[in-house]
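Everything below concerns the one structure shown next.
Throughout, protein chains are lettered first and strands after them, A, B, ... in sequence-line order, and every chain is numbered starting at 1.
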Amino acid sequence: MKILVPVKRVVDYNVKVRPKSDESGVDLNNVKMALNPFCEIAIEEAVKLKEAGKVEEIIAVTVGTSASQEQLRTTLALGADRAILIETDTETEPLGISKLLKAIVEKESPDLIILGKQAIDGDNNQTGQMLGALLGYPQATFASEVNLEGDKAIVTREIDGGLQTLSINMPAIITTDLRLNEPRYASLPNIMKAKSKPLDVIPADDLGVDITPRMTTLKVSLPPQREAGVMVETVDDLLDKLKNEAKVIS
Amino acid sequence: MTALVIAEHNNQELKPVTLNTVTAALELDQDLHILVAGSNCSAIAESAAKIEGVSKVILTDSLEYENCLAENISILISKISGDYDFILAPTTTNGKNVMPRVAALLDVCQISDVSAVVSSDTFQRPIYAGNCIATVQSNDPKKVITVRTTGFDPANAESGAAEIITLQEVNDAGISQFVKEEIAQSDRPELTAADVIISGGRGMQNGENFSLLEGIADKLGAAIGASRAAVDSGFVPNDYQVGQTGKIVAPDLYIAVGISGAIQHLAGMKDSKVIVAINKDEDAPIFQVADYGLVADLFEAMPELESKI
């Protein structure tokens, strides 16, 4: 069995980003970049399935500039067998990315595609679902547990109010939620080994897919800031304020 | 032009987030239909017909839609999409699951988690965990939108009188099956619908200590939430999580207990009307957004608060 893991290079989650001063976008100058955290969980799940003997090959793929090779090397150090960069300088949207990934799926015919549920830059939460629709594959989004049984994946999902379990026919799409697993750190020997693993670069134009953006970002601004209020000394003071000033409790 | 809102329900009750989504839709278009797709759900259609501003309810009642499987529902929505310029659903786990599939089937982009409508093609939405607000314009002929419901007031749920039409349209993609659902049973209100929320963070130290919040929640009729740190530490289930990767809430009163105030958490609750922070660390960032801050050991303050409310 073969697993495809699409990943994304994003701003490191510890960085507090700010809009550019002219509000034309997000200021990404000299900002630390990293593998999207939900993508780390996706790679980890694929590696665990391989360690359990259920998977022969893990292919990581990303869409982006040549700088994304850095994150692909990370996936190779974490346990992917080979990697593919679909190279483009165009700022791609989830729909365009899904179309490019569809072309890769048609080439590679993976049995399972595991992705992060969202990237922490655009917070779109779309690519897995869109890829599912384009391929006609079933999906189990926001997964907290994955079991493979024959040609089906039994997946427990985090839904509002609790958990839902689905059985989906492979080939299938799974998107990862936080509690699916705890990603490992890449060991130094594995980081060294990753350097010699295959990493193919395919120009996005070669895939014959229209990735023209459908959306224009007109402005990126700071959210309205909330003013700090007052400090109270005791529980009695707090209750007094809530009853008589804010009038939110009686 | 007409807008279509996808009703959020569990075949037993219409979820209140539908009302906020209706308000967002009415800002785009005054002619508004609601799709109620489910099984044995005619009562939901009757509730939806009473929402102010809705002119028509489309009821599709079939077993294939019982568990809102994305594969089946997305085909249904795309088939009836011809009449609509705007298709909206709340940003719930359901909306997030289904709507990108709809957008891809229609070959349009989705505008995720819209917090404000600027014009019929321009929207505001939070990005980077709410650190920035992007104003985006969609060039697609149809707009597929998920709605950040805390950005919109609920529509009146009792004053409408829409007609209900029944649509026989069965779509079973046959590639996914529902196995089971474990929904936490609670007498407390749901997080996204509660007027008062009390949330615990890493400072709670363990899951048992959340019982300190329960008595207060019972007295205030509050829902109980948690920070991602508390969920990651295994104190409480993930569906308690308030934050950018959890639930987005905006109650009248939000009480943060032992929560430091990571941006991730603030993104999910900073639209609350009144915020109270109780933390023993006076430098905790949560105090910068709180209307009332109390520097105290929660293990002393919580029992006192419960006894005095």
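Taking the charged nitrogens against the carboxylate oxygens, Asp271(B) and Arg226(A) have no contact shorter than 4.0 Å, which rules out a salt bridge. Salt-bridge formation is detected for the pair Glu190(B)/Lys15(B): a Lys NZ or Arg NE/NH1/NH2 atom is positioned less than 4.0 Å from an Asp or Glu carboxylate oxygen. Looking at Lys273(B) and Asp252(B), a side-chain N of the basic residue comes within less than 4.0 Å of a carboxylate O on the acidic one, giving a salt bridge.
Of the two parts of Asp107(B), the backbone and the side chain both hold a non-hydrogen atom closer than 4.5 Å to a non-hydrogen atom of chain A. Residue Ile159(A) touches chain B through both its backbone and its side chain, counting heavy-atom pairs closer than 4.5 Å. When heavy atoms are compared at a cutoff of 4.5 Å, Pro19(A) approaches chain B by way of both its backbone and its side chain. Residue contact with chain B, scored on non-hydrogen atoms closer than 4.5 Å, is absent for Asp237(A). Heavy atoms closer than 4.5 Å to chain B are found in both the backbone and the side chain of Leu166(A). Heavy atoms of Ala290(B) lying under 4.5 Å from chain A belong exclusively to its backbone. With a threshold of 4.5 angstrom between heavy atoms, Asp140(B) approaches chain A through its backbone and through its side chain. For Leu294(B), the parts sitting under 4.5 Å from any heavy atom of chain A are the backbone and the side chain alike. Contact annotation for Thr122(B): only side-chain heavy atoms (C-beta onward) come within less than 4.5 Å of a heavy atom of chain A. For Ser98(A), no part sits under 4.5 Å from any heavy atom of chain B, backbone or side chain. Interface residue Arg157(A): only side-chain heavy atoms are found under 4.5 Å from chain B. For Ile168(A), the parts lying under 4.5 angstrom from a heavy atom of chain B are both the backbone and the side chain. For Leu178(A), the part lying near chain B is the side chain, with the backbone staying farther off; criterion is any non-hydrogen pair under 4.5 Å. Only the backbone of Tyr137(A) has a heavy atom closer than 4.5 Å to any heavy atom of chain B. Only the side chain of Leu69(B) comes within contact range of chain A, with at least one heavy atom under 4.5 Å from a heavy atom of that chain. In this structure, chain B has no heavy atom under 4.5 Å from any part of Glu23(A). Looking at Thr175(A), neither its backbone nor its side chain comes within 4.5 Å of chain B, counting heavy atoms on both sides. Of the atoms belonging to Arg214(A), heavy atoms from both backbone and side chain fall under 4.5 Å from chain B. For a residue to count as touching a neighbouring chain, one of its non-hydrogen atoms must lie under 4.5 Å from one of that chain's; by this rule Val17(A) touches chain B with backbone and side chain alike. The contact between Gln126(A) and chain B is made by backbone and side chain atoms together, counting heavy-atom distances below 4.5 Å. For a residue to count as touching a neighbouring chain, one of its non-hydrogen atoms must lie under 4.5 Å from one of that chain's; by this rule Val118(B) does not touch chain A. Using a 4.5 Å cut-off between heavy atoms, Ser74(B) makes no contact with chain A at all.
Your options are Val232(A), Asp177(A), Asp160(A), and the one with the most heavy-atom pairs under 4.5 Å with chain B is Asp160(A). In terms of non-hydrogen atom pairs under 4.5 Å with chain A, the most contact-rich of Lys308(B), Glu300(B), Lys270(B) is Lys308(B). The most heavy-atom pairs under 4.5 Å with chain B, out of Asn169(A), Ile249(A), Val220(A), Thr165(A), come from Thr165(A). In terms of heavy-atom pairs under 4.5 angstrom with chain B, the leader among Asp121(A), Leu95(A), Thr217(A), Val15(A) is Asp121(A). Counting heavy-atom pairs under 4.5 Å between each of Ala173(B), Cys132(B), Ser176(B) and chain A puts Cys132(B) at the top. Listed options Leu242(A), Ile154(A), Thr156(A) were ranked by heavy-atom pairs under 4.5 angstrom with chain B; first place goes to Leu242(A). Annotation: maximal heavy-atom pairing with chain B below 4.5 Å, among Leu134(A), Leu222(A), Val26(A), occurs at Val26(A). Here Ala246(A) is the residue among Pro94(A), Ala153(A), Ala246(A), Ser250(A) with the most heavy-atom pairs under 4.5 Å with chain B. Per-residue counts of heavy-atom pairs under 4.5 Å with chain A were compared for Val102(B), Asn94(B), Leu305(B), Leu266(B); the largest is that of Leu305(B). Of all the listed residues (Ile263(B), Asp113(B), Val108(B), Val231(B)), the one sharing the greatest number of non-hydrogen pairs under 4.5 Å with chain A is Val108(B). Highest contact tally toward chain A, considering only Gln137(B), Arg101(B), Glu181(B), is held by Arg101(B) [criterion: heavy-atom pairs under 4.5 Å]. Options Phe178(B), Phe287(B), Tyr292(B) differ in how many heavy-atom pairs under 4.5 Å they form with chain A, and the most are formed by Tyr292(B).
Counting only N and O atoms by type, the side chains of Asn181(A) and Glu44(A) include no donor and acceptor under 3.5 Å apart. For Thr90(A) and Thr88(A), the side-chain atoms include at least one donor-acceptor pair closer than 3.5 Å.
Around the CD atom of Glu233(A), the shell of radius 6.0 Å holds no more than 12 heavy atoms that belong to other residues, nucleotides or ligands.
Annotation: the span from Lys117(A) atom NZ to Asp123(A) atom CG amounts to 9.5 Å, rounded to 0.5 Å. Here the CD1-CG distance, from Ile77(B) to Asn72(B), works out to 11.0 Å after rounding to the nearest 0.5 Å. Rounding to the nearest 0.5 angstrom, the gap separating the CD atom in Gln139(A) from the CD1 atom in Ile113(A) is 11.5 Å.
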Working for side-chain hydrogen bond (donor to acceptor under 3.5 Å, both in side chains), residues Asp239(B) and Gln241(B)
CA-CA 5 Å; Asp239(B) 56 287; Gln241(B) 193 195 143; over 6 Å; no

Steps toward side-chain hydrogen bond (donor to acceptor under 3.5 Å, both in side chains) verdict (Asp12(A), Asn14(A))
CA-CA 5 Å; Asp12(A) 185 273; Asn14(A) 288 308; 3.2 Å; yes

